[in-house]
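Everything on this sheet refers to the single structure shown next.
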There are 2 protein chains.
Amino acid sequence: MVTITDVARAAGVSRSTASYAFSGRRTISTVVRDRVAAAAHDLGYTPNAGARALKTSRTHVIGLLAQFLPDEFAPAMLQYMLGVSDTARDLGYDILLAIDDDGVGALRRLTSSRMVDGVVLLNVAEDDPRLPALRAAHQPGALVGLPRDCRGVDVFDLDFAEAGRLMVDRLVRQGHREILLVSQSEDVVARGGAYVWRHQEGALERAARHGVQLTCVFGASAQPEIGHQLDRLLTDHPGVTALMLNNEAAAAALPGVLGGRGLRVPEDLSVVGRYSRELAETFALPFSAVESAPDVLGRMAVEQLVRRIERRGPDEPHTVRLVAPTLVDRGSIGPPPTP
Amino acid sequence: MVTITDVARAAGVSRSTASYAFSGRRTISTVVRDRVAAAAHDLGYTPNAGARALKTSRTHVIGLLAQFLPDEFAPAMLQYMLGVSDTARDLGYDILLAIDDDGVGALRRLTSSRMVDGVVLLNVAEDDPRLPALRAAHQPGALVGLPRDCRGVDVFDLDFAEAGRLMVDRLVRQGHREILLVSQSEDVVARGGAYVWRHQEGALERAARHGVQLTCVFGASAQPEIGHQLDRLLTDHPGVTALMLNNEAAAAALPGVLGGRGLRVPEDLSVVGRYSRELAETFALPFSAVESAPDVLGRMAVEQLVRRIERRGPDEPHTVRLVAPTLVDRGSIGPPPTP
DNA sequence: TCCAATCGTCGAACCGGTTCGAATGGCGTG
DNA sequence: CACGCCATTCGAACCGGTTCGACGATTGGA
């Protein structure tokens, strides 16, 4: 491996001069700088990341803590990861990926060994056990997902309460009076996925205000259970004219269920979901949906994290940013059928 | 940050003694070892990864080079990543994730700055431009995907030719005489996805031997195009009694298409795909399929890579391992309908 | 003409580990 | 009692960068 010593020798200067020639932190004559650059190029020199990190205590690596839980929709998580990864690359950072059942352990390992300059936590739960560990580590962290206690971290999430309101408003405006909301599985809620509650409460609040009937159920997260469940729900609630889905697996299963029952959308049933544009395209999900914007959230988290890393600003106040939901119209919302 | 010097001071020993107490590379009295361990525990000591890497020139990090190409099915790629990540963790390695349009640049960056001990390349093409860069880097590499030139690397892939044979054999044994094979998009082939050819040639060989008609087409990779295309194909080839899919998007779209045409599987049409068990479960894909085993391939790649990293065996001969395909029966293959 | 300021460069220390050679002390043995 | 051996421990060098203080050579101003 070629080191800066080799470059310095080839250029006939001292190591420190070579270093300054690269960093430009002191004035170096142009002839020397060119000679150093030429030598580096000829020898194929790249600085050793470990050595540099040791001295500067900056690794230019961001830890990405993801978790793939059995009752969650893996491809949705992927979208967040891609958003984070792309942004990091744009800002000159690499991603150390920790997909670990033991998220706390992984977090501690990365931070305490100084492998990373900061971390992004995905899928943060109401009382996420990783948060105390993050606060103990003296490294900045950005979250995707809204915990109860946001002290000391930057937080980004979709405004799920507003999403619930938006979906109900939209359906009621079309004339629907009996709506069924299928949320994520109860396990997700039990694990602290408070966004399910926030969404549901936003929806219930608006339903009450409009005086319409909103039935809330937790949906299964696996196939084919969720399909059977949807079928059963449609049988049990014949008066329902609109379906709200806060559950990707349900959205994926619904076309098959509708086909089986011979129902057309939106003529027989209106449907509004909550998933990303990417997901809709990959799986041909034909429903209007609130955009969950994983790429945007991932990007915001990384940008804020890098700002905090580079501007050394643990003092600067921390952010909690809830992104306003937008509804992507795919034509699955219409007036209720006339009986 | 607490360093080994702090620990040594707290334990009343020299830095080297503390280091030996941890590594056990020299005999240290039990009382001293215990004192050092206690001090380390009290102070919350974790060795600095950069410093250790600098001295040992081992980072315990593996580079994972993935690429999400526009005409490929992202969730399928995710399965490989998870296999790699899980195995790495089991073996005590972390994953540096590089999802980069410029795969060559990313590879060079990771290897020449010594951020990683070795790399896993996913989605390797016939003449993958990353391979020359990998050979130039003096780091071991393991590939998932079979390139033309396998020198200097360990290669793992599904035996796609055998998969093609297996699928045809199975259909012919049931009595099918007119089969339609929908492969990946032509763009994938153009980019060097030779596995599409290998699969197709295996299938054609067997079809010829059995004297049955096999029509091969390249399918679109995006929704909803692939669905429309499948619909058109079924119209244009009314004699076809069995469908072979080497295209995840097609498998995802097919249930909708079949529903639209009122076709039942396997009574009206037999279907056999090629995708992983995971994918089948996530999207409720109801078709029998050759298991693409991304988790197994990812695992094998990492295990071999770590073996080569740790046993310093660039001399040991390199492997090319084609995994034998297995067919997972989901009941979508039956005899052709009687006219 | 002399002194101070500036420019360009070098040497050395340091980051936090690991590891080699040597020093210390206790023990058994001839 | 002298010797050598072994078990422990320490000091110092090194990995490959960065950075501070110092120094010689110019240059400018008084």
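Since the structure is predicted, the reported quantities are computational estimates derived from the model, not experimental observations. In what follows, chains are A, B, ... by sequence order, proteins preceding strands, each numbered from 1. Any value given below was found using the heavy atoms of this structure, including those in side chains, with hydrogens, waters and symmetry copies removed.
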> Base, backbone or nothing for each nucleotide of nucleotides 11-18 of chain D, written B, S, -, heavy atoms under 4.0 angstrom, 5' to 3'?
Replying inline: BBBBBBBB

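- Here the side chains of A/I95 and A/R89 are not in contact, with every heavy-atom distance at 4.5 Å or above.
- Contacts of A/D86 classified as side chain to side chain donor-acceptor pair (under 3.5 Å), with partners at least two apart in sequence or in another chain: none.
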Just distance, no hydrogens or angles: give the donor-acceptor pairs under 3.5 Å from side chains in residues 38-47 of chain A, sequence neighbours left out.
from	atom 1	to	atom 2	distance (Å)
A/T46	OG1	B/S112	OG	3.1

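- Every residue two or more places apart in sequence or in another chain that forms a salt bridge (charged side-chain N to carboxylate O under 4.0 Å, His left out) with A/D127 is listed here: A/R148.
- Contacts of A/D157 classified as salt bridge (charged side-chain N to carboxylate O under 4.0 Å, His left out), with partners at least two apart in sequence or in another chain: A/R198.
- The line from NE2 of B/H60 to CE of A/M115 is 9.5 Å long, rounded to the nearest 0.5 Å.
- Within residues 105-115 of chain B, no residue places a heavy atom under 4.0 Å from DNA chain D.
- Inter-axis angle, ends of the helix from C/dT1-D/dA30 to C/dG30-D/dC1, five pairs per end, rounded to 10 degrees: 60°.
- Among B/D154, B/V120, B/V119, B/V84, the single residue meeting the side-chain contact (heavy atoms from CB on, under 4.5 Å) criterion with B/L305 is B/V120.
- Remark: A/R109 engages A/D100, B/D94 in a salt bridge (charged side-chain N to carboxylate O under 4.0 Å, His left out) (not counting sequence neighbours).
- Residues that satisfy the side chain to side chain donor-acceptor pair (under 3.5 Å) test with B/Q79, not counting sequence neighbours, are absent from this structure.
- Note that CE of B/M77 is 10.0 Å distant from CG of A/L78, once rounded to the nearest 0.5 Å.
- Residues satisfying the side chain to side chain donor-acceptor pair (under 3.5 Å) test with A/T17, not counting sequence neighbours, are A/S14.
- For B/R26, the side-chain contact (heavy atoms from CB on, under 4.5 Å) criterion is met by B/Y20, not counting sequence neighbours.
- Applying a 4.0 Å cut-off to non-hydrogen atoms, the residues of residues 26-34 of chain B that approach DNA chain D are B/R26, B/T27, B/I28, B/S29, B/V32, listed by residue number.
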